[in-house]
Amino acid sequence: VTRENTKVVLVRRPTATPESGDFRVEHEPVGAPGPGEVVVAVQTLSIDAFIRTILDERAYHRPVPIGATITALGVGRVVDSADPALVPGDAVVGPLGAQTFATVPGAFLRRVDDQRRPLNAYLGALGVTTGLTAYFGVREVGAVGPGDTVVVSAAAGAVGSVAGQIARIEGGSPVIGIAGGPAKASFVVDELGFDAGIDYRGEDVAARLRELAPDGVDVFFDNVGGEILDIVLDQIKERARVVICGGISQYEHMDDVRGPRRYLVLAERHARMEGFAVTHFAERFAEAEDALGTWLDEGRLRVVEHVEHGIERFPDALAMLMSGGHMGKLLLEV
Ligand SMILES: NC(=O)c1ccc[n+]([C@@H]2O[C@H](COP(=O)([O-])OP(=O)(O)OC[C@H]3O[C@@H](n4cnc5c(N)ncnc54)[C@H](OP(=O)(O)O)[C@@H]3O)[C@@H](O)[C@H]2O)c1
C-alpha cells in the first residue's frame with residue numbers, strides 16, 4: 001500500500017499568538033518502519049497548552065525545531081510494524097505528532113483497550129495531560145479534603161473541568177470555577193456539578209469570591225496565573241494550598257512572565273504554593289487511570305469533548321485552545 005502522510009511543520013517561531021504563517025502543511029510518502037518502529041494511522045490529536053510553549057526556542061519541554069513536525073499526543077491504530085510488541089490493528093496512545101501517519105519507535109507508545117472505552121478517552125478523561133493531571137494536582141498537590149473551599153481557574157477547559165469534579169468527589173465544598181464568559185460559568189455548574197461559576201470577563205472576580213467563599217479559599221487549582229492568581233491569593237485561608245498546574249495567561253510571553261504580586265500572603269497565612277508536572281507522577285499513572293475509570297463508569301465524572309476536524313486545521317485548533325473557543329477537552333480528529 002502506498003500511503004501519504006500529511007503533517008504540520010513549524011516554519012517560524014511565533015512572537016505572541018501563533019499565526020497561520022508560522023506553520024506549513026506538507027505531504028510525504030510513508031515508508032516502511034525501521035527496526036523497532038511502527039507506522040500509526042493517527043485518529044485524534046490532543047490539543048494541549050504545552051504545544052504553545054514548545055514553539056519557543058527555549059522551553060521546558062523539548063522545543064520544536066524549525067522545519068519539524070509539531071509535537072502532539074495522539075491516539076491511532078498501528079498499520080505497519082517492525083516492533084515485535086505491536087501488531088497492525090493495535091490501538092495506541094503516545095507522541096504521534098501533528099500528522100496523519102506517524103512513524104515512531106514502538107517503545108514510545110502504549111497499547112490501549114479500545115473495546116472498553118472510545119479511543120479518544122485516552123487523551124481526555126484518561127489522558128496524561130488531562131484526567132491524570134487533574135487527578136494528581138487535586139489529590140496529591142492540593143490535598144483536597146471534605147469541607148475544603150476549592151477554586152479552579154480555566155474551569156471550563158480540559159484540566160480544570162476534571163479538576164473541579166475530582167475536588168467534589170474528594171469532598172470539596174463549595175467548588176467554584178472561574179472561566180471566561182457567562183456560558184462557561186453556567187456550564188461548570190449545570191453540566192459538571194460545580195457549586196458556582198464566575199465569569200472573569202464580565203464579573204468582578206474578587207467581589208464574587210468574597211460572596212461565594214466568605215471565609216476564604218482552602219485550595220486554589222490554578223491553570224491561568226497572572227491577575228487571577230493575585231486575586232485568589234488575596235482571599236486564601238490560613239494553611240491554604242495553591243496548586244500551580246499551569247499559567248496559560250503567560251504562555252505567549254514566556255521570556256517575560258509576570259509573577260504573583262501578592263505572594264507574601266503565603267507567609268501571612270502560613271499557606272503554600274506548589275507546582276507540579278504530571279510526569280513527576282509517572283510511576284502512579286495506572287492508579288490514576290483506575291480511579292478515573294471507576295468514576296467514569298459510576299457516572300461521577302463527565303468529560304465533555306470538543307472535536308475539530310482535519311489535520312490542516314491544527315494551527316486553528318491551537319489558536320482556539322489559547323483563546324478559549326472550546327469547552328471541555330479540545331481534540332482534533334485528523
Ligand atoms: N502541570 C502539568 O503537568 C500540566 C499538564 C497538562 C496541562 N497543564 C496546564 O493546564 C492548563 C489547562 O490546559 P488544558 O490543556 O486543559 O487547556 P484548556 O483549559 O482546555 O484551555 C485553555 C483555557 O485557558 C483559558 N485561558 C487562556 N488564556 C487565558 C487568560 N489570559 N486568562 C485566563 N484564562 C485564559 C481559556 O479559557 P477561558 O475561556 O476561560 O479564558 C482556555 O479555554 C494549562 O495551564 C496547562 O499548561 C499542566
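In listed order, ligands and their atoms are each counted from 1. Quick caveat: nothing in here was measured; it's all calculated off a predicted structure.
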**Student:** Heavy-atom count around Phe108 CZ within 6.0 Å, excluding the residue itself: above 12?
**Tutor:**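 Atom CZ in Phe108 is not packed in, count stays at 12 or less.
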**Student:** Is there a donor-acceptor contact under 3.5 Å linking the side chains of Tyr135 and Glu287?
**Tutor:**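 Per modelled atom types, Tyr135 and Glu287 side chains form a pair under 3.5 Å.
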**Student:** Report the part of Lys184 (side chain from C-beta onward, or backbone N, CA, C, O) that has a heavy atom under 4.0 Å from ligand 1; answer both or neither where that applies.
**Tutor:**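 Answer for Lys184: side chain.
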**Student:** Is it the case that the side chains of Asn120 and Thr44 hold a donor-acceptor pair, with the cut-off being a distance below 3.5 Å and no angle test?
**Tutor:**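 There is such a pair between these side chains.
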**Student:** Can you tell me if Gly160 contacts ligand 1 (heavy atom of the residue under 4.0 Å from the ligand)?
**Tutor:**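 Outside the 4.0 Å threshold, so no.
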**Student:** Hey, does His326 come in under 3.5 Å of ligand 1, counting only N/O atoms on both sides?
**Tutor:**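 His326 vs ligand 1: N/O contact under 3.5 Å present.
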**Student:** Are more than 12 heavy atoms from other residues, nucleotides or ligands located less than 6.0 Å from atom NE2 of His27?
**Tutor:**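 It does: His27 NE2 has more than 12 such atoms within range.
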**Student:** Is the shortest distance from a heavy atom of Phe136 to ligand 1 less than 4.0 Å?
**Tutor:**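 Judged by the 4.0 Å heavy-atom criterion, Phe136 does not count as contacting ligand 1.
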**Student:** Is Tyr251 touching ligand 1 with its side chain, its backbone, both, or neither, if touching means heavy atoms under 4.0 Å apart?
**Tutor:**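 Side chain only.
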**Student:** Please say whether more than 12 non-hydrogen atoms of neighbouring residues, nucleotides or ligands are located less than 6.0 Å from CD in Glu333.
**Tutor:**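 Check passes, neighbour count above 12.
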**Student:** What part of Val224, side chain from CB on, backbone N/CA/C/O, both or neither, has a heavy atom under 4.0 Å from ligand 1?
**Tutor:**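 The part of Val224 near ligand 1 is the side chain, not the backbone.
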**Student:** Ala158 heavy atoms, cut-off 4.0 Å: which ligand 1 atoms fall inside?
**Tutor:**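 Counting atoms of ligand 1 from 1, those under 4.0 Å from Ala158 are 16 (O), 18 (P), 19 (O), 20 (O).
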**Student:** In terms of side-chain heavy atoms, does Asp83 have a donor or acceptor partner in Ser81 at a distance below 3.5 Å?
**Tutor:**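 Absent: no donor and acceptor within the cut-off.
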**Student:** Is it the side chain, the backbone, both or neither of Leu321 that has a heavy atom closer than 4.0 Å to ligand 1?
**Tutor:**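 Both backbone and side chain of Leu321 come within 4.0 Å of ligand 1.
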**Student:** Test your reading of the structure: does Gly157 have an N or O sitting under 3.5 Å from an N or O of ligand 1?
**Tutor:**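 Between Gly157 and ligand 1 (N or O atoms, distance only) the closest approach is not under 3.5 Å.
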